Amino acid sequence: MSSSPAKPSELEHIAFAEHALDISTMSLAQPLRFRTKETHLSPAANDVAIHESHPVTDDHLAQRLKEVIQKRELTPLFQPIIRMQTGEIIGYEGLIRGPSDSPLHSPLNLFKVARDCNLSVEVEHLCRRITLEKFAELQLPGKLFLNVSPECLVQPDVRHGETLGYIHEVGINPERVIIELTESQPTYDYDLLREAVTHYRAMGFRIAIDDLGEGFSSLRLWSELRPEYVKIDMHFVQGINQDPIKLQFVRSIQEIAEKSGTIVIAEGIETDAELLMIRDLGVAYGQGYKIARPTALPATTISTDLRNLLRHNGVAVYPHEAGRGHKMLTALKLLRSVPSVSPDIQNNRIYEMFNSDPTLEVLPVVSNGTPIGLITRANLIDRFARPYLRELHGKKSCTLFMDSNPLITDKNTALHALSQIIVDADRHHLFNGFIITDAGQYLGMGNAHDLMREITQMQINAARYANPLTLLPGNVPIYEHIDRLLENGTPFCACYVDLDHFKPYNDVYGYRKGDDILRLTGKILSGYCDPQRDFVGHIGGDDFIILFQNDDWEERCRTILDVFAAAIPDFYNEDDRKNAGYISEDRRGKKVFHALVTISLGLVKIEPGHYVSHHQIASAMADAKKQAKKIPGNSLFIDRRQGPWLNEKTDDDSAQLELIASLL
């Protein structure tokens with residue numbers, strides 16, 4: 001972390017060891033500075049840390065600091081780092097605290113006062129010695145991670161080999177010490193930094209990049225130094241189960257690491273969902289409060305509850321980007337650079353511009369940056385083709401023939417909103433196009449053809465990735481999640497959800513009311529499933545999918561049936577509610593009675609090894625749905641047969657199928 005004041009949420013992970021390790025073949029000007037990186041100090045410690053932003057000149061603090069150095073009143077803490085797949089502790093990050101009854105308890109203040117008193121060397125040297133001594137005394141397993149800034153790593157004039165000698169003295173192999181490079185300012189001399197890292201590696205130390213994604217040029221550091229470890233900044237880990245952007249960031253880092261032979265460590269893991277998400281992404285190591293807090297006497301094994309959680313063979317539900325590509329695109333996507341003209345330009349000049357450029361269809365008229373009208377090729381040339389009009393009006397202002405009420409939209413207008421604006425506007429705007437502005441100032445032009453192309457592509461993406469009506473995941477995420485469940489060998493239940501009598505409802509009550517029922521269905525399914533373990537998707541129309549990992553799936557299904565049955569009458573008029581349905585004409589003009597819309601759940605239990613692809617499971621779900629729809633009313637049908645031979649009909653099918661739904 002930076003030596004500048006940290007945000008309150010980042011004050012707890014205090015990285016002590018910025019002084020760290022000397023290079024036996026290089027000379028450094030001053031020891032490496034310690035820096036802080038904790039996230040959760042006590043309220044009192046946070047209050048103390050606030051003073052970091054103000055110069056410290058108190059003589060009392062200076063005297064207290066000298067006492068701390070003399071009496072070695074520093075406490076080293078250690079936070080475990082584990083192997084995500086097994087829970088094995090592979091090492092610890094070394095942290096530091098000042099005296100608990102002093103303003104110097106906060107490492108931010110401790111090192112600030114040390115710098116102001118020109119005692120940074122003594123404090124940092126003491127932190128290093130105390131931490132290494134304690135690490136050796138406790139006989140902690142694995143590696144010790146120490147934070148070092150790149151600018152400190154390359155400082156000259158440090159006593160040669162002191163740290164290396166001291167490490168051997170306390171009985172620690174240099175190969176167990178990992179130098180975490182954490183930036184506090186931009187790094188420019190990469191050649192010198194590479195040279196320093198090479199020397200450290202020659203002595204047996206290994207290199208890590210700390211807080212990847214938070215620093216000034218951490219990706220450049222990764223490329224230049226090829227570290228053995230990279231630590232993903234806690235910002236990208238916390239809430240990863242709810243943020244598709246964070247998920248993609250960690251996925252990308254993991255992919256780069258796999259190709260470069262680098263081990264990834266995820267920092268700041270604080271919840272079950274974050275832990276399982278990081279594990280499922282294949283990240284090798286992790287640390288954070290969910291695993292263990294920093295302590296002076298750390299455990300050498302993780303808790304039984306944490307071990308059982310890591311052994312859980314379910315898969316995390318990845319967050320999806322609702323309406324992927326649908327709500328993000330704006331009019332700026334359609335921007336075309338079209339030259340503008342001022343209102344004092346003559347019509348003859350406009351005519352020449354159209355003649356010289358056959359591709360030019362419109363010219364916006366702009367006064368002091370503000371668009372005031374639009375001149376179209378067709379209109380001007382048509383007028384000048386009439387007898388004497390050019391002679392009469394050629395030298396007049398171009399505003400004479402311009403459309404003084406053009407369609408103007410801001411660059412941040414969403415495409416779906418822009419589409420509605422054009423539909424509601426006069427017809428000629430569809431052909432003339434529209435002016436795009438930024439805070440009222442002219443930027444360029446857009447046209448309906450480009451808008452239609454983008455809207456079409458958005459609809460295709462929506463159908464594949466997220467349904468624009470319910471914002472639930474579409475076909476691609478559904479199949480990806482099924483494949484992850486199969487690859488992981490996770491038992492689960494696949495449920496096909498379909499609405500009965502929905503098409504005639506649309507015909508009688510209209511598609512807007514029908515859309516309201518679809519939104520209700522999506523809301524009910526999502527509301528009675530566990531977002532951390534159960535996946536809810538919307539294939540399209542009135543077809544939904546639930547992939548249950550929870551053992552109480554049957555209870556959840558029955559609750560869905562009850563809640564839907566209670567809610568659906570509100571979508572009918574009073575007479576139809578009393579009659580439990582309505583009469584309408586079918587395609588042949590025949591009067592037909594239709595019952596109220598009901599919901600059918602067709603569920604298949606999936607055991608490991610019985611299916612090999614999402615195609616087989618989709619087929620099995622479709623068959624179960626058909627059976628469920630044969631049951632009048634709101635129904636649940638469970639198919640307990642196993643394997644892709646599911647659709648091969650046999651004489652004893654009825655003995656293998658269990659019906660556990662009833663009429664409602």
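Scope of the values below: all heavy atoms of this structure, side chains included, with no hydrogens, waters or symmetry mates. Because the structure is predicted, anything quoted here is derived from the model rather than measured.
- Contact of the F492 side chain with the N550 side chain is not registered, since no non-hydrogen atoms from C-beta on lie closer than 4.5 Å.
- Closest non-hydrogen pair, T490 versus P608, comes out as C-CG, 4.4 Å.
- In E169, the CD atom is crowded: over 12 heavy atoms of neighbouring residues, nucleotides or ligands sit closer than 6.0 Å.
- In this structure a side-chain-to-backbone donor-acceptor pair under 3.5 Å is present from Q79 to A292.
- Annotation: cation-pi geometry satisfied between R484 and Y318 (NZ/CZ under 6.0 angstrom from ring centroid, within 45° of ring axis).
- Here the straight-line distance linking atom CG of L95 with atom CZ of R293 works out to 13.0 Å at 0.5 Å rounding.
- To the nearest 0.5 Å, atom OG1 of residue T470 and atom CG of residue L520 are 12.0 Å apart.
- With rounding to the nearest 0.5 angstrom, the CD1 atom of I478 is 8.5 Å from the CG atom of L472.
- Judged by a 6.0 Å distance limit and a 45° cone about the ring axis, K605 is not positioned over the six-membered ring of F548.
- Minimum heavy-atom separation, N488 to G314: ND2-O, 3.7 Å.
- For S260, the side-chain hydrogen bond (donor to acceptor under 3.5 Å, both in side chains) partners at least two apart in sequence or on another chain are T262.
- Of all non-hydrogen atoms in I89 and A299, the two that sit nearest each other are CD1-O, 3.6 Å.
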Inset, instruction - May I have the step-by-step check of side-chain contact (heavy atoms from CB on, under 4.5 Å) for L247 and L281, ending in yes or no? - result: CA-CA 9 Å; L247 171 66; L281 288 171; 3.7 Å; yes
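- The aromatic rings of Y479 and H615 sit tilted relative to each other, their planes meeting at an angle between 30° and 60°.
- Although no hydrogens or angles enter the test, the distance criterion places a donor-acceptor pair under 3.5 Å between the side chain of Q549 and the main chain of V315.
- A donor-acceptor pair under 3.5 Å is formed between the side chain of S303 and the backbone N or O of L306.
- Between T75 atom OG1 and I130 atom CD1 the span is 8.0 Å, to the nearest 0.5 Å.
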Legend entry - CA sep, side-chain torsions, deciding dist, call: R556, D552, salt bridge (charged side-chain N to carboxylate O under 4.0 Å, His left out): CA-CA 6 Å; R556 293 176 184 272; D552 60 350; 2.9 Å; yes
Inset, instruction - Apply side-chain contact (heavy atoms from CB on, under 4.5 Å) to the pair L603 and L601, showing each step before the final yes or no. - result: CA-CA 6 Å; L603 187 140; L601 311 181; 5.9 Å; no
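- A salt bridge between D272 and K290 is present, with a side-chain N of the basic residue lying under 4.0 Å from a carboxylate O of the acidic one.
- Distance alone, capped at 3.5 Å, is enough to place a donor-acceptor pair between the E228 side chain and the I207 backbone.
- Listed here is the closest heavy atom pair of R64 and S102: CG-OG, 3.9 Å.
- Side-chain atoms of R72 never come within 3.5 Å of backbone atoms of I69 as a donor-acceptor pair (strictly under, hydrogens ignored).
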Legend entry - From CA spacing to verdict: side-chain contact (heavy atoms from CB on, under 4.5 Å), K625, M621: CA-CA 6 Å; K625 178 202 70 170; M621 284 192 294; over 6 Å; no
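- With hydrogens and angles disregarded, a donor-acceptor distance shorter than 3.5 Å links the side chain of Q254 to the backbone of G282.
- Judged by distance alone, with hydrogens and angles left aside, the side-chain atoms of R97 form no donor-acceptor pair with the main-chain N or O of H105 at under 3.5 Å.
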Inset, instruction - Check the pair E93, K231 against salt bridge (charged side-chain N to carboxylate O under 4.0 Å, His left out), reporting the backbone distance first and the verdict last. - result: CA-CA 12 Å; E93 180 171 4; K231 278 189 159 187; 3.0 Å; yes
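- In R226, the CZ atom is not crowded: 12 or fewer heavy atoms of neighbouring residues, nucleotides or ligands sit closer than 6.0 Å.
- For R251 and E255, the salt-bridge test fails: no basic side-chain N is under 4.0 Å from an acidic carboxylate O.
- Within the model, atoms CG of L561 and CD1 of I524 stand 10.0 Å from one another, a figure rounded to the nearest 0.5 Å.
- Without hydrogens or angle criteria, R206 side chain to G204 main chain gives a donor-acceptor distance under 3.5 Å.
- Ring planes of F78 and Y92: perpendicular class, angle over 60° (limits at 30 and 60°).
- Residue I240 is tested with I269, I245, V250 for a side chain to side chain contact (heavy atoms under 4.5 Å, CB included); the sole match is V250.
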Inset, instruction - Starting from the C-alpha separation in whole Å, work towards a yes-or-no answer on side-chain contact (heavy atoms from CB on, under 4.5 Å) for F544 and T521. - result: CA-CA 9 Å; F544 297 80; T521 304; 3.6 Å; yes
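- For E67, the CD atom sits in a packed shell: over 12 heavy atoms of surrounding residues, nucleotides or ligands are nearer than 6.0 Å.
- When all heavy atoms of A620 and Y611 are compared, the closest pair comes out as CB-OH, 3.9 Å.
- Side chain of N634 to backbone of I599: a donor-acceptor contact under 3.5 angstrom is found.
- Between the side chain of D280 and the main chain of A316, a donor-acceptor pair closer than 3.5 Å is present.
- Atom-to-atom distance recorded for H481:NE2 and L547:CG is 5.5 Å, nearest 0.5 angstrom.
- Using modelled atom types, one finds no donor on one side chain facing an acceptor on the other under 3.5 Å when comparing T559 with E555.
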Inset, instruction - Step by step, work out the salt bridge (charged side-chain N to carboxylate O under 4.0 Å, His left out) result for R83 and E88. - result: CA-CA 5 Å; R83 194 183 306 276; E88 171 196 2; 3.1 Å; yes
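- The local environment of CG in D551 is sparse, with at most 12 non-hydrogen atoms from other residues, nucleotides or ligands closer than 6.0 Å.
- In terms of heavy atoms, L138 sits closest to P298 at CD1-CD, 4.0 Å.
- Side-chain contact of E274 with Q238: a donor-acceptor pair under 3.5 Å is absent, judged by distance alone.
- Within 6.0 Å of CZ in F135 there are more than 12 heavy atoms belonging to other residues, nucleotides or ligands.
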